Colleague: 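Sharing a structure here in structure tokens format.
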There are 2 protein chains.
Amino acid sequence: MSTKQPDCLQCAMREHSIFAGLSSEDICQLGMDVHDIHVTAGTTIYHESDPAQYAYTLRQGGIKLVKSLANGHAQIVRLLHRGDLFGFEGLRSDQHRHSAIALTGTDLCRLELRALDALSQRLPAMREAIFARWQQALQEAEDRIVELGAKKADARLATFLCQWCIAYRQQRAAPFPLTRRDLGEFLGLSTEHVSRIMADFKRQGLLHEHKGQIEIPEPQKLLRHACSDDTSA
Amino acid sequence: MSTKQPDCLQCAMREHSIFAGLSSEDICQLGMDVHDIHVTAGTTIYHESDPAQYAYTLRQGGIKLVKSLANGHAQIVRLLHRGDLFGFEGLRSDQHRHSAIALTGTDLCRLELRALDALSQRLPAMREAIFARWQQALQEAEDRIVELGAKKADARLATFLCQWCIAYRQQRAAPFPLTRRDLGEFLGLSTEHVSRIMADFKRQGLLHEHKGQIEIPEPQKLLRHACSDDTSA
DNA sequence: GATCAACTTTGATAATTGTCAATGCAGACA
DNA sequence: TGTCTGCATTGACAATTATCAAAGTTGATC
């Protein structure tokens, strides 16, 4: 885990983060003890049930939030993208509710929860921003419940792949750092089953994969899998 | 749908609701146009994608929040209990994100979202209370994701039944207004499969059911089903 | 370039879960 | 009291998904 000296005022993420609209003085008050942390793929940033001390902003790379079960299964609760804030469930409880694991080499900012809390008490704009992210996380979680509860494996996978690629619409191909196992743990499926469905999609020309990137030539075609219940469609 | 005249100041729910700690004047400002609404079992209080105008407090009874899919399946996103606030996703979007349907005869309070919003802008305690509920809903949603993604049918059902009964710990038997179909739509299972597992639990003496009430004689025994992956345990 | 480890693919098989159809059961109501 | 309707149960069967095992691939490292 390597670190560099802070320069929040110049940070490229600043206006996309919960700190958008804050004055320079407020930013300086944040008390970020370490900025621009870099971790390698596979690093665990914090563990489920660790005492929560920091929240993080994802500047670059990918993170999975994972819960583990007594029966040996793991469930990825959320996947984080550039700009996402995470670890801030500690604002309301003193433990982390999941483990955070880097999917790729990843750049982070770390902030003390106490400082974040104090600042959000004082600055309505920031409280609003955190509130909004909480609300968005809830909406996404509810959508996941529907996916997991009411759709079959191929439909879940199709929906997920399309949504993933929408986030990278400008580029032809989207970076795709997830393993088959990650996909399985996110979608509630076995690694092998995911692998088979991916192979099917590729054979049907609905999906291309190359060097950690994926491309969906015609998203509508793939999405037909996502909605209908029978394979004939 | 029958209604009575307001008397928020005397309301038994008051101290359990987001309005706990508010002054009498503040309460009067709430602008609740209709209080103490009663609806019968099966009534749809609002529809998914309806324009969101009101939030509701559940005073008595049960509500399910449901999302419907193109493939004909329905998914119960959340089950609400006495004291829960619902419909307030409209604070951040102008449409409801699910349908709200009464499971039993149910008493509600209805409040205008605009008034709720205005009041929460003005009163930190109320904003905090709403914030806290949002956060709790997120935590519950994430727990549901784990249940749906990483557990088998009998484990999901066992966990759910135990949690349900915990809410009624003081009583020997808990009221249980859910049909097998409701259970299926909540747990992501077919009605028949739910029925079979329930019958199994009953045959094993892990569960008793009588006249819309259930009782779990030894929760630990049932919970052993909830955690392990094999039936031998 | 050889080796190693992790990831992926594929096949065979078993377990889980869904679907369809028939029957039973209980409450609502005329 | 009969009838009706919705819900629950059960069985038989089919579809979906998981598990286990064995190769194949790829990328990193020495």
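By convention in this document, chain letters (A, B, ...) are assigned in the order of the sequence lines, proteins followed by strands, and residues within each chain are numbered from 1. Since the structure is predicted, the reported quantities are computational estimates derived from the model, not experimental observations. The figures that follow rest on heavy atoms only: side chains count, while hydrogens, waters and symmetry mates do not.
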Colleague: Figure out the CD1/C1' separation between B:I197 and C:dT16, and round it to whole Å.
Modeller: 10 Å
Colleague: Please determine whether any donor N or O and acceptor N or O are separated by less than 3.5 Å between the side chain of A:R196 and the base of D:dT19.
Modeller: yes
Colleague: How do B:V194 and A:K211 order along DNA chain D: which one's closest nucleotide is nearer the 5' end?
Modeller: B:V194
Colleague: Under 4.0 Å, heavy atoms only, any strand: does B:G188 hit a base, just the sugar-phosphate, or nothing?
Modeller: sugar-phosphate
Colleague: Whole-Å distance between C:dA12 P and A:E192 CD?
Modeller: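 My rounded result for the distance is 15 Å.
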Colleague: Rounded to the nearest Å, what distance is computed from the CG atom of residue B:L187 to the P atom of nucleotide C:dG18?
Modeller: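 Answer to the nearest Å: 11 Å.
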Colleague: Checking B:D143 side chain against B:E140 main chain: does a donor-acceptor pair fall under 3.5 Å?
Modeller: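 Answer holds: no.
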Colleague: State whether B:S190 places a side-chain N or O below 4.0 Å from either non-bridging phosphate oxygen (OP1 or OP2) of C:dT19.
Modeller: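 For B:S190, the contact criterion (side-chain N or O under 4.0 Å from OP1 or OP2 of C:dT19) is not met.
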Colleague: Is there a side-chain contact between B:T179 and the phosphate of D:dC7, meaning an N or O under 4.0 Å from OP1 or OP2?
Modeller: no
Colleague: Side chain of A:E48, backbone of A:S68: donor and acceptor closer than 3.5 Å?
Modeller: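 Between the backbone of A:S68 and the side chain of A:E48 there is a qualifying donor-acceptor contact (under 3.5 Å).
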Colleague: In terms of ring plane angle, is the pair B:F176 and B:W164 parallel, tilted or perpendicular, where the classes change at 30° and 60°?
Modeller: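 B:F176 and B:W164: perpendicular rings.
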Colleague: On the nucleotide C:dT9, are OP1 or OP2 found under 4.0 Å from the side-chain N or O atoms that A:R181 carries?
Modeller: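 For C:dT9, neither OP1 nor OP2 has a side-chain N or O of A:R181 closer than 4.0 Å.
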Colleague: Check the distance between D:dA8's P and B:L157's CG and give it to me in whole angstrom.
Modeller: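 Taking CG of B:L157 and P of D:dA8, I get 13 Å after rounding.
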Colleague: Starting at NE2 of B:H193 and ending at P of D:dG11, how long is that distance when rounded to a whole Å?
Modeller: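 About 14 Å, once rounded to whole Å.
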Colleague: Answer yes or no for A:R144 and A:F186: cation-pi contact, defined as NZ/CZ to six-membered ring centre under 6.0 Å and angle to ring axis within 45°.
Modeller: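 So A:R144 does make the cation-pi contact.
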Colleague: C:dA15, OP1 or OP2 - any side-chain N/O from B:K152 closer than 4.0 Å?
Modeller: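 Answer no for this pair, as no side-chain N or O of B:K152 is under 4.0 Å from OP1 or OP2.
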Colleague: Look at the side-chain N and O atoms of B:K202 and state whether any lies under 4.0 Å from the OP1 or OP2 oxygen of D:dT9.
Modeller: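 Affirmative; the distance criterion is met.
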